[in-house]
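In what follows, a single structure is set out as structure tokens and then discussed.
Residue numbers begin at 1 in each chain, while the letters A, B, ... track the order of the sequences. When reading the values below, keep in mind they use all heavy atoms of this one structure, side chains included, and skip hydrogens, waters and symmetry mates.
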Protein chains: 2
Amino acid sequence: MTPSEENYLKAIYQLGETSKASISTNAIAEKMKTKPSSVTDMIKKLSDKKLILYRKYKGVSLTDVGRISALSTLRKHRLWEVFLVEKLHFTWDEVHEVAEQLEHIRSEQLIDRLDQHLGFPRTDPHGDPIPSKDGNYKKFIKKLLSEMAVGSEGICIGVKDSSTAFLSFMDKNRIALGDKITLLDKEEFDGSLHIKVKDRPLQISSQIACNLYIEL
Amino acid sequence: MTPSEENYLKAIYQLGETSKASISTNAIAEKMKTKPSSVTDMIKKLSDKKLILYRKYKGVSLTDVGRISALSTLRKHRLWEVFLVEKLHFTWDEVHEVAEQLEHIRSEQLIDRLDQHLGFPRTDPHGDPIPSKDGNYKKFIKKLLSEMAVGSEGICIGVKDSSTAFLSFMDKNRIALGDKITLLDKEEFDGSLHIKVKDRPLQISSQIACNLYIEL
DNA sequence: ATAATTAATTAGGACTATCTAAATATTTAG
DNA sequence: CTAAATATTTAGATAGTCCTAATTAATTAT
Ligand SMILES: [Mn+2]
Ligand SMILES: [Mn+2]
Ligand SMILES: [Mn+2]
Ligand SMILES: [Mn+2]
């Protein structure tokens, strides 16, 4: 399995997490920042290797073997992100690019021991769950802040968007994972929200609210 | 700089550490476990990039830029080896293959913080010195056990051969870096040595003695 | 139902890194 | 000093990944 193959499988898995239907060539191309023709080349290869199911013009879906591989890469990516934050004191907006490289290091022993060294973490710095060694992957039932009822409260447990732009917005406004958030009011006009973060009042746009996961 | 280019530069540097003359195509091919024709292809490329000096049929040598790159890769390799042993409890014969991959991860911040996390180590698990961030590299004056005078003593500070075969021999015979070694006697017949390791008597072959560095 | 639009594939090419086999240069031995 | 042996380079091929441009299939709008 080459790094490129691993990246494609991971992308297909992540696109399937939300949509669940078969994944289109263009969707993969957009996520991988590559051209549709390159995607077609690769999906033929992955299909030959029985890592995905592919019907021309109808999109792809992962086989069991393909899904296990994708989860393994996701596991490595997220464990390395935890390492970078917990042990090397990176901020949560600095880790992604480096983890994109580290996830392709080939050594089962390495990842086992890294997991142990980190104390078997269950989530990464962005609140995403870490698949277990055997490929088990419990998706939390996560609710977006934008879907909360006015007056209810919950704990901020994750971000949907992991871009530097969004994460540094979070830092600037001192909202962190684990913080208690109360939804005070919604503006009719633009959908912006009045919230309390650890008893500190704050007003945020609806775009922000659509990217914050809350556990009630 | 691709991983392959980095590997070639590192190989050329290491071949030059001992010989100091220009490095032959075949020597590089042997070290890289590849074919001489592949080496010719790559040295043309490295020469075009001014990373090495190349005269057809006359071998190559590193330019200043090439040497800095080689030392940077060596630094990463050795820092990762320290990490694997100190933090993830790998044994010193298990680290090389993984470090060969990790040394190509591209992130200056990563390697700086790793260095700090490890407490700025000066040598790797095999006793090899770690080049500094700015490319300074102080070679220790190392003497081989085979060159010691009978009756003298010293500290074992490194191994010349880092193969699993040799390192597990060391473990089996309980010889570790930092141990005090006294040369008691040399056998005329086969050149084998009678030594004391931390006051424990031991007999070793001359091949072993040729691969152990001692500081007097 | 047909036309226009969008999505996907194919054709053909570039670039990297590797190899085998053949040709050529250099070194070594007699 | 020549001949044999060795070292090195060149020629030509393959495999992987990505690209642009052209073609074909599927979807949508009229
Ligand atoms: Mn990431
Ligand atoms: Mn993450
Ligand atoms: Mn090593
Ligand atoms: Mn080493």
Restricting to nitrogen or oxygen on both sides, can you table the protein-nucleotides 7-12 of chain D pairs closer than 3.5 Å?
from	atom 1	to	atom 2	distance (Å)
D:dT8	OP2	B:Asn26	N	2.8
D:dT8	OP2	B:Asn26	OD1	3.3
D:dT9	OP1	B:Tyr54	OH	2.4
D:dT9	OP1	B:Tyr57	N	3.1
D:dT9	OP2	B:Thr25	OG1	2.9
D:dT9	OP2	B:Thr40	OG1	2.9
D:dT10	OP1	B:Lys56	NZ	2.4
D:dT10	OP2	B:Lys44	NZ	2.5

Distance flag, aromatic centroids of A:Tyr8 and A:Tyr13, threshold under 6.0 Å: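 So the answer is no for these two rings.
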For atom [atom1] of [X] and atom [atom2] of [N], their distance in whole Å:
{"X": "B:Leu46", "N": "C:dT16", "atom1": "CG", "atom2": "C1'", "value": "13 Å"}
{"X": "A:Glu30", "N": "C:dT6", "atom1": "CD", "atom2": "C1'", "value": "14 Å"}
{"X": "B:Met42", "N": "C:dC15", "atom1": "CE", "atom2": "C1'", "value": "13 Å"}
{"X": "B:Glu5", "N": "C:dT18", "atom1": "CD", "atom2": "P", "value": "10 Å"}
{"X": "A:Asp48", "N": "D:dA15", "atom1": "CG", "atom2": "C1'", "value": "14 Å"}
{"X": "A:Lys33", "N": "D:dC18", "atom1": "NZ", "atom2": "P", "value": "14 Å"}

Under-4.0 Å side-chain N/O to phosphate OP1/OP2 contact, A:Ser4 with D:dG16: no
side-chain hydrogen bond (donor to acceptor under 3.5 Å, both in side chains) contacts in which one or both residues fall within residues 25-38 of chain B, not counting sequence neighbours: none
Can you list everything that forms a side-chain contact (heavy atoms from CB on, under 4.5 Å) with [X]? Sequence neighbours excluded, please.
{"X": "A:Val159", "answer": "A:Trp92, A:His126, A:Ser162, A:Phe166, A:Leu167, A:Met170, A:Leu212"}
{"X": "B:Gln116", "answer": "B:Phe120"}
{"X": "B:Lys50", "answer": "none"}

Salt bridge (charged side-chain N to carboxylate O under 4.0 Å, His left out) involving B:Arg113 - partner list, sequence neighbours excluded: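 Expected list: none.
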